[in-house]
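Have a look at the structure below before the remarks.
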Amino acid sequence: PVIRSIQRGEIVLADTVNSNTATITSVNTASTVITLLGFSNAGSTADPALNQWPVRIVLTNATTITATMIGNNGGGGCTLKYEVIEYWSHVLTGLGVQRGSITISDTSSTNTASITSVNTSKSFIVPGGWTSSSSSATLGMSHFTGYLILTNGTTVTATRSGTTGDLIFVYQVIEFR
């Protein structure tokens with residue numbers, strides 16, 4: 001077997017809360033990834049501003065997941081769904097899971113992070129979402145959305161088409177034997 005355990009759950013960010021945690025059964029963080037499955041507004045009559053929607057989720061430690069949304073979401077709250085996958089350590093390289101974040105600063109459309117070298121034909125990125133520092137509710141989607149790629153064996157690249165406000169992407173890179 002390749003997978004040791006899978007845990008699923010949700011984290012609720014109430015109307016005035018921008019960060020919250022969930023407790024999970026203890027995992028080996030060196031061989032575990034968390035996947036943001038999606039998120040939704042709680043359905044109030046007031047939709048949050050676009051700049052308040054981006055979210056990110058991280059494995060804080062062996063028993064805690066933290067979800068973050070920029071500012072007060074103001075739209076009745078947000079529910080994030082996640083999946084935690086713990087692999088058997090023998091199926092991964094000695095590096096295990098590499099975690100990090102990339103900030104694309106205001107006026108930029110891309111940035112990179114260096115990782116310990118991996119074989120790209122045996123590795124992949126697991127995105128953990130992103131948040132924005134922009135306080136402008138009038139900017140378009142291009143300023144608040146983007147993507148991550150494993151550019152080569154030592155570089156993760158984050159890109160967006162807009163250039164206003166900081167975007168903080170979180171990622172995990174996993175390499176199999």
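One is the number of the first residue; the rest follow in order along the sequence.
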For [Y], is there any backbone N or O sitting under 3.5 Å from a side-chain donor or acceptor partner on [X]?
X	Y	answer
N20	L13	no
T110	A158	yes
D106	D166	no
Q7	T25	yes
R4	S31	no
T68	R56	no

Next item on the list: Could you verify whether a donor N or O on one side chain and an acceptor N or O on the other, from T151 and T157, lie under 3.5 Å apart?
Entry: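 Yes.
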
Item checked: Between T93 and E175: side-chain donor-acceptor atoms closer than 3.5 Å ->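 Their side chains do contain a donor-acceptor pair, which is all the 3.5 Å distance test asks for.
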
To the nearest 0.5 Å, what is the distance between [atom1] ([X]) and [atom2] ([Y])?
X	Y	atom1	atom2	result
I174	K122	CD1	NZ	14.0 Å
I3	S5	CD1	OG	9.0 Å
I34	Y82	CD1	OH	7.0 Å

Item checked: Nearest heavy atoms of V97 and Q172, plus distance in Å ->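 Nearest heavy atoms, V97 then Q172: CG1-CB, 3.8 Å.
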
Check: According to the interplanar angle, ranging from 0 to 90°, do the rings of W130 and F169 count as parallel (below 30°), tilted (30 to 60°) or perpendicular (above 60°)?
Finding: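 Ring orientation, 0 to 90° scale: tilted.
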
Next item on the list: Using the side chain to side chain contact (heavy atoms under 4.5 Å, CB included) rule, take I11 and I57 through it: C-alpha gap first, then chi angles, then the decisive distance, then the call.
Entry: CA-CA 10 Å; I11 297 177; I57 192 165; 4.2 Å; yes

